[in-house]
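For reference, the structure discussed in these notes is given below.
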There are 2 protein chains.
Amino acid sequence: MGRSAESFRPPTRLQILSELRKGTRCVTDMEEILPVTQVNISQHLTVLRNAKLVDFAQDGALRCYYLCRPKLVDGILDPLAADFPVIRKTKEQIDREKERAKRKPVASRG
Amino acid sequence: MGRSAESFRPPTRLQILSELRKGTRCVTDMEEILPVTQVNISQHLTVLRNAKLVDFAQDGALRCYYLCRPKLVDGILDPLAADFPVIRKTKEQIDREKERAKRKPVASRG
DNA sequence: ATAGAATATTAGAATGTTCTTATATCATGT
DNA sequence: ACATGATATAAGAACATTCTAATATTCTAT
C-alpha cells in the first residue's frame with residue numbers, strides 16, 4: 001500500500017542468484033551484501049538447491065555455493081535488465097497497434 | 001518445496017518494470033507478454049503508481065504507462081543482471097578472505 | 001442510449017516470502 | 001573434550017503476491 005519507491009527491493013532469491021552469477025559465494029559473503037539474515041539466506045539456498053539451480057563445494061567449514069545451471073539463470077535474470085533506451089516501440093507493439101487500427105479505423109491517432 | 005528450476009519465474013512486478021524500461025506500454029501490451037491476467041497487471045500498476053514509480057498518459061481508451069523515475073528503476077534492475085563471467089572473486093571477497101585468514105592463519109587454503 | 005473494448009476495483013482464498021527465535025550440525029583449532 | 005565460526009533446520013507469525021470471480025468505470029463508435 002503505502003510502499004515508497006525507495007523501499008522497492010528485488011526479492012532476496014533473485015539477488016542471491018544474481019550474486020552467484022558473479023562467482024562462487026559462501027553464506028557469509030552474501031550476509032555482508034544482502035540486507036537479510038543468515039537464516040533467511042540459508043532458507044533460500046535450500047530452496048534453490050532443491051530446484052537444482054545451485055550446489056555447493058565444501059571448503060573447510062565454508063560452503064561455497066555456485067550456479068549449477070547458469071544458462072537457465074541467465075534466462076531468468078537477463079530479460080529483467082535488458083534495456084533498450086532508444087527503441088520506444090517494439091515491432092510487436094507496432095503490429096498490435098496496426099491490428100487495433102484495422103479493427104476500428106480512427107483518424108486522430110499519432 | 002518441490003519447485004523445479006524451470007518453474008522459476010521473475011516476479012510480475014519486476015517484469016512489468018522491465019517491460020516499461022523498453023518503452024511505453026498499455027495494459028493489453030503487457031497482457032500479451034506476461035503470463036498473468038489483466039486484473040493482476042492492473043493491481044501491480046496501481047501499486048507502482050502509488051509508489052510514484054510509474055504514471056500513464058491516456059490515449060483514447062488506452063492507458064499508456066511509462067516509468068516516471070527510470071534512474072531509480074535502473075538501480076533496482078541493473079544489479080540483478082550485472083554479469084561478470086570472468087571475475088570469479090571480487091576485491092571485496094578477497095578482502096573478506098584475508099580477514100578470515102588473519103583471524104585464524106591456516107595452511108591448507110588455496 | 002447502447003454496445004464493445006480497455007482498464008480498474010473489490011474481496012477472499014491460496015500460496016509464497018520474510019522475519020524471528022530457538023536449536024542443531026559440522027569443521028577447526030586448542 | 002571444548003569453544004568457536006559457519007551453516008542448517010524447524011516452526012510460527014507477519015506480510016506480500018498471485019489467482020479467481022464478479023462488478024464497475026471510461027472511452028469510442030453506432
Side-chain angles (χ1 to χ4, degrees), chain A residues 1-4 7-17 24-51 54-66 93 96-97 99-109, chain B residues 1-4 7-17 24-51 54-66 93 96-97 99-109:
Chain A
M1 295 215 156
R3 171 126 90 142
S4 85
S7 76
F8 267 98
R9 205 218 300 164
T12 305
R13 197 117 89 215
L14 290 190
Q15 285 190 283
I16 288 175
L17 288 178
T24 298
R25 293 281 186 278
C26 68
V27 179
T28 328
D29 289 332
M30 298 197 247
E31 249 184 293
E32 297 179 23
I33 292 163
L34 304 178
V36 296
T37 62
Q38 177 263 317
V39 169
N40 193 210
I41 292 170
S42 271
Q43 286 166 339
H44 283 298
L45 287 171
T46 299
V47 172
L48 292 171
R49 204 150 21 90
N50 288 337
V54 310
D55 202 351
F56 62 84
Q58 193 120 11
D59 175 15
L62 301 181
R63 288 190 169 187
C64 302
Y65 280 85
Y66 57 89
Q93 192 175 16
R96 282 194 296 279
E97 284 173 8
E99 266 305 306
R100 284 185 200 114
K102 210 184 299 171
R103 286 203 302 272
K104 41 172 167 174
V106 184
S108 59
R109 188 73 66 74
Chain B
M1 290 219 157
R3 169 126 90 141
S4 85
S7 76
F8 267 98
R9 204 218 299 166
T12 304
R13 196 118 88 213
L14 290 190
Q15 286 190 283
I16 288 175
L17 288 178
T24 299
R25 293 282 185 278
C26 68
V27 178
T28 327
D29 289 333
M30 298 197 246
E31 249 185 293
E32 297 179 24
I33 291 163
L34 304 178
V36 298
T37 62
Q38 176 261 318
V39 170
N40 194 209
I41 292 171
S42 271
Q43 285 166 340
H44 283 298
L45 286 172
T46 299
V47 172
L48 292 172
R49 204 150 22 91
N50 288 336
V54 310
D55 202 349
F56 63 83
Q58 193 121 11
D59 175 15
L62 300 180
R63 286 189 170 188
C64 302
Y65 279 85
Y66 58 89
Q93 192 176 17
R96 282 193 298 278
E97 283 172 8
E99 266 305 306
R100 284 184 201 113
K102 211 184 298 172
R103 286 203 302 272
K104 41 172 167 175
V106 184
S108 60
R109 188 73 67 74

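Letters A, B, ... mirror the listed sequences (proteins, then strands); counts begin at 1. What you are looking at is a predicted structure, and each value in this text was computed from that prediction instead of being measured.
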All N/O pairs under 3.5 Å across the protein-nucleotides 8-11 of chain D interface:
unit_1 : atom_1 : unit_2 : atom_2 : d
D:dA8  : OP1    : A:R63  : NH1    : 3.0
D:dA8  : OP1    : A:Y65  : OH     : 2.2
D:dA8  : OP2    : A:S42  : OG     : 2.8
D:dA8  : N7     : A:Q38  : NE2    : 2.9
D:dT9  : OP2    : A:T46  : OG1    : 3.2
D:dA11 : N6     : A:Q43  : NE2    : 3.3

Worksheet item: OP1 or OP2 of D:dT18 less than 4.0 angstrom from a side-chain nitrogen or oxygen of B:T12, does that happen here?
Response: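 Yes.
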Worksheet item: Between D:dA16 and B:H44, is there an OP1 or OP2 to side-chain N/O distance shorter than 4.0 Å?
Response: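 So the side-chain polar atoms of B:H44 never come under 4.0 Å of the phosphate oxygens OP1 or OP2 of D:dA16.
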Measure across [X] and [Y] and return the closest heavy-atom pair with its distance rounded to 0.1 Å.
X: B:C64; Y: B:T24; result: CB-CG2, 3.2 Å
X: A:M30; Y: A:I41; result: C-CD1, 3.8 Å
X: B:Y66; Y: B:A57; result: CE2-N, 3.8 Å
X: B:I16; Y: B:L48; result: CG2-CD1, 3.9 Å

Item to complete: Using atom types as modelled and distance alone, determine if a side-chain donor or acceptor of B:N50 lies under 3.5 Å from a backbone N or O of B:V47.
Response: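 Answer holds: no.
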Nearest-Å distance, [atom1] ([X]) to [atom2] ([N])?
X: B:D55; N: C:dT7; atom1: CG; atom2: P; answer: 15 Å
X: B:E31; N: C:dA5; atom1: CD; atom2: P; answer: 13 Å
X: A:N40; N: D:dA14; atom1: CG; atom2: C1'; answer: 13 Å
X: A:R25; N: D:dA6; atom1: CZ; atom2: P; answer: 17 Å
X: B:R13; N: D:dA16; atom1: CZ; atom2: P; answer: 9 Å
X: B:L48; N: D:dT18; atom1: CG; atom2: P; answer: 11 Å
X: A:L62; N: D:dA6; atom1: CG; atom2: P; answer: 7 Å
X: B:M30; N: C:dA6; atom1: CE; atom2: C1'; answer: 13 Å

Discussion item. Between B:R9 and A:C64, which residue's closest nucleotide on DNA chain D lies nearer the 5′ terminus?
Written reply: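 Here A:C64 is the residue nearer the 5' end.
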Item to complete: Give the nucleotide from the list C:dA6, D:dT17, C:dT18 with an atom nearest to the side chain of B:A61.
Response: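 Nearest to the side chain of B:A61 among the choices is C:dA6.
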Worksheet item: What nucleotide, of C:dG16, D:dT7, C:dA27, holds the atom closest to the side chain of A:Q58?
Response: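 From the listed options, C:dA27 comes nearest.
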Item to complete: For B:R9 and B:Q15, run side chain to side chain contact (heavy atoms under 4.5 Å, CB included): C-alpha distance rounded to whole Å, both residues' side-chain angles, the deciding distance at 0.1 Å, then the answer.
Response: CA-CA 9 Å; B:R9 204 218 299 166; B:Q15 286 190 283; 4.0 Å; yes
Item to complete: Output, in order, the C-alpha distance, side-chain angles, deciding distance and verdict of side chain to side chain contact (heavy atoms under 4.5 Å, CB included) for A:Y65 and A:D29.
Response: CA-CA 10 Å; A:Y65 280 85; A:D29 289 332; over 6 Å; no
